[in-house]
Amino acid sequence: MTSYLFSRLLGLIPVLLWITVISFGIMHLAPGKPTDAALQFNPKVSLEARQRMEKLYGLDQPLPAQYLQWLGRLSRLDFGRSFLDDRPVMEKIVERLPITLTINVWSLLLILGLAVPLGVISAVRPGGLFDRLTTVFVFIGYSMPSFWLALLCMALFGVTLRWLPVSGVHSLDHESFGLIQRWLDTAWHLLLPISIAAFVSLAGMSRYMRSSMVEVLRQDYIRTARAKGLPERRVLFRHGLRNALLPVITILGLSLPDLIGGSVIAETIFSIPGMGRLFYEAVMARDYPVVMALVTVGAVLTMLGNLLADLGYAYADPRIRVGKGER
Amino acid sequence: MRNWLAVVGGVTLLILAVVAIAAPWIAPHDPMQVNLPDALLPPSAAYPLGTDPLGRDVLSRLIYGTRISLLIGFIAVGIAVLVGCLVGAVAGFYGGWADALLMRLVDTLLSIPSIFLLLAIIAMDPAETLLRWGELPVIGGLFAALFQAVDPHIVVLMAVIGLMSWMGVARLVRAEILSLKEREFVLAARVLGASPLRLIATHLLPNAMGPVLVSATLGVGGAILTESVLSYLGLGVQPPVPSWGNILNEGRVALGVAWWLTLSPGMCILVTVLAFNLLGEGIREWLGRQ
């Protein structure tokens with residue numbers, strides 16, 4: 001296991017380097033100096049501040065030197081200061097991260113909780129009524145513009161029926177509530193955003209679960225289990241599901257970029273002060289340090305998620321860690 | 001049953017193509033005509049799908065929006081297929097360092113949430129830069145003519161969406177080429193002295209086209225979804241040019257009062273993307289049976 005972990009970590013290095021090249025490239029392909037944008041959007045930035053900024057980014061030096069300097073600061077988790085309010089970028093991200101992670105973790109759980117049963121039930125009778133119904137659902141789910149679904153739900157549940165709040169993460173009188181009440185209040189506000197975020201990946205995930213389960217149910221050991229007279233439930237869950245779940249974990253890891261990217265849209269629509277909304281605001285204000293930092297952080301989060309998924313897979317299936325670790 | 005669905009998808013797309021081409025003749029009103037006294041009218045005989053906050057006819061705007069969506073979808077995917085074939089062919093054929101470098105780039109682009117990159121690039125206002133190309137000494141006239149015909153924001157959208165979605169095709173092509181390049185017919189061509197370019201272009205790539213076609217068909221739907229998200233966020237097709245996404249953006253302001261502004265553009269997106277997905281899956285099944 002250790003050698004597998006080690007080889008996986010080594011494999012991340014080239015990807016990390018590409019990420020930094022891309023983030024750096026975006027900022028430096030921009031027309032004009034990056035500091036122009038700060039001046040243009042904030043006339044209060046003084047001359048000294050501009051000079052400090054230019055010095056900070058080493059704009060008088062050749063590009064490769066600038067890149068190496070930026071990389072050096074990056075390795076100390078120093079992303080510079082925001083053009084908008086001159087606060088450290090890292091501080092701005094750290095205060096916005098928890099709410100985004102909360103939404104994404106809950107929607108991941110929701111996806112797993114729904115996609116697994118959907119996939120298993122369709123796989124038990126491929127071509128049956130349930131399977132055909134979920135196929136229709138999957139096609140529509142794939143094609144649905146999620147931001148439109150969010151708008152419709154907002155209009156229906158928020159504006160027309162007034163069942164759910166339409167924006168923000170808590171009510172105005174949040175501070176006066178007790179702990180449990182506060183918790184419920186937040187959950188109440190996040191119900192729609194979490195459901196919408198889950199819906200995006202649900203269609204694909206239930207399809208993967210189905211095909212993985214169909215594949216497993218065709219194996220000889222399933223026939224053996226049935227032949228020796230095990231009850232069907234035991235065959236399905238102990239012998240079938242445990243094996244079918246493995247590849248789905250990897251796919252779940254691969255769907256992370258969509259989930260994190262989706263928070264830009266969901267948080268903008270529902271006015272949630274998370275990382276996605278910070279990104280949107282930074283983009284609209286051309287706050288390059290924040291944009292670069294979030295591109296990097298988003299990619300690193302995805303990589304870590306994939307790594308976790310792969311490690312989980314390797315932990316559960318010895319064939320993986322032996323096969324790859326010794327290569 | 002699946003074939004039947006693919007036919008439904010194909011026919012829907014044909015209808016959409018006809019609507020896009022015939023837009024000037026079938027649109028009941030001028031899509032750009034501002035008519036403030038008629039603002040935010042619900043659907044009626046005069047305005048079958050109602051009007052927007054500036055009193056423009058929503059149906060006419062949707063009809064013209066079909067043009068934009070299909071145009072961006074097809075050209076973006078064209079760019080993605082070109083880049084993907086090129087990268088996949090080089091990586092698969094030459095292997096070694098080129099392969100390692102290119103495939104790590106693919107891994108990286110797949111691990112960065114694509115909406116982040118799209119927004120970050122569009123935030124730099126590449127359309128401004130493109131417009132400046134019109135002032136270049138020799139070829140400037142060419143660019144100026146192009147931007148006269150197509151809004152530079154739309155050129156940017158097509159290019160950026162295309163350049164952010166070639167990775168799947170590259171992986172497909174690379175895998176096909178890896179499995180094909182040791183086959184007898186390729187070795188025979190190689191022995192006969194075919195150049196690498198000829199090997200790739202006439203022997204390897206044509207054999208990889210099946211899966212690429214499937215991926216491209218599904219990709220057009222994806223590109224249309226991406227365009228609508230960007231336009232919804234105000235960073236895609238710029239008003240007054242109508243696009244399904246920016247009509248939704250205008251609808252958001254009036255979400256509580258003018259439901260028709262939100263319902264109809266979304267249905268257009270859903271139906272179009274669904275049609276591409278049905279057709280793509282149909283082609284995949286058909287190829288699988290061959």
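Naming: A, B, ... by sequence-line order, numbering from 1 per chain. None of these values were measured; they are calculated from a predicted model.
Per-residue heavy-atom pair counts under 4.5 Å with chain B were compared for A:P145, A:G298, A:P14, A:S23, and the maximum is reached by A:P145. Of the listed residues (B:I269, B:L117, B:N277, B:T272), the one with the most heavy-atom contacts under 4.5 Å to chain A is B:N277. Among A:V159, A:V295, A:L151, the residue making the largest number of heavy-atom pairs under 4.5 Å with chain B is A:L151. Taking B:A275, B:G251, B:S228 one by one and counting their heavy-atom pairs under 4.5 Å with chain A, the maximum is reached by B:S228. Per-residue heavy-atom pair counts under 4.5 Å with chain A were compared for B:L225, B:L270, B:I115, and the maximum is reached by B:L270. When each of A:T160, A:L16, A:V264, A:L149 is checked for heavy-atom pairs under 4.5 Å with chain B, A:V264 comes out on top. Comparing B:L233, B:L248, B:L118 by heavy-atom pairs within less than 4.5 Å of chain A, the highest count is held by B:L233. When each of B:V229, B:T108, B:T262, B:V273 is checked for heavy-atom pairs under 4.5 Å with chain A, B:T108 comes out on top.
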Between B:F116 and A:V283, does a side chain to side chain contact (heavy atoms under 4.5 Å, CB included) hold up when you go through it step by step? CA-CA 9 Å; B:F116 276 38; A:V283 160; over 6 Å; no
Applying side chain to side chain contact (heavy atoms under 4.5 Å, CB included), run through A:I269 and B:Y232 and close with a yes or a no. CA-CA 10 Å; A:I269 291 180; B:Y232 171 74; 3.7 Å; yes
Side chain to side chain contact (heavy atoms under 4.5 Å, CB included) for B:L105 and A:V15? Distances and angles first, verdict last. CA-CA 7 Å; B:L105 177 62; A:V15 178; over 6 Å; no
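Note that CG of A:L301 and OG of B:S111 are 10.5 Å apart. Values are rounded to the nearest 0.5 Å. One distance of note links OG1 of A:T268 with CZ of B:R252; it measures 9.0 Å at 0.5 Å rounding. Between B:E281 atom CD and A:T135 atom OG1 the span is 10.5 Å, to the nearest 0.5 Å. A:I260 contributes atom CD1, which lies 12.0 Å from atom OG of B:S114 (distance to the nearest 0.5 angstrom). Remark: A:L12 CG to B:D107 CG distance equals 10.0 Å, nearest 0.5 Å.
Counting heavy atoms from C-beta on, the side chains of A:M284 and B:L235 come closer than 4.5 Å. No side-chain heavy atom of B:I112 sits under 4.5 Å from any side-chain heavy atom of A:T302. At least one side-chain heavy atom of B:L263 sits under 4.5 Å from a side-chain heavy atom of A:L152. In this structure the side chain of B:L101 reaches within 4.5 angstrom of the side chain of A:W18, judged on heavy atoms. Two residues are said to be in side-chain contact when any heavy atoms from C-beta on lie closer than 4.5 Å; A:V291 and B:L119 fail this criterion.
When all heavy atoms of A:P257 and B:P113 are compared, the closest pair comes out as O-CB, 3.4 Å.
For A:Y208, the OH atom sits in a loose shell: 12 or fewer heavy atoms of surrounding residues, nucleotides or ligands are nearer than 6.0 Å.
For A:Y142, the parts sitting under 4.5 Å from any heavy atom of chain B are the backbone and the side chain alike. Proximity to chain A is absent for every atom of B:M103, based on heavy atoms less than 4.5 angstrom apart.
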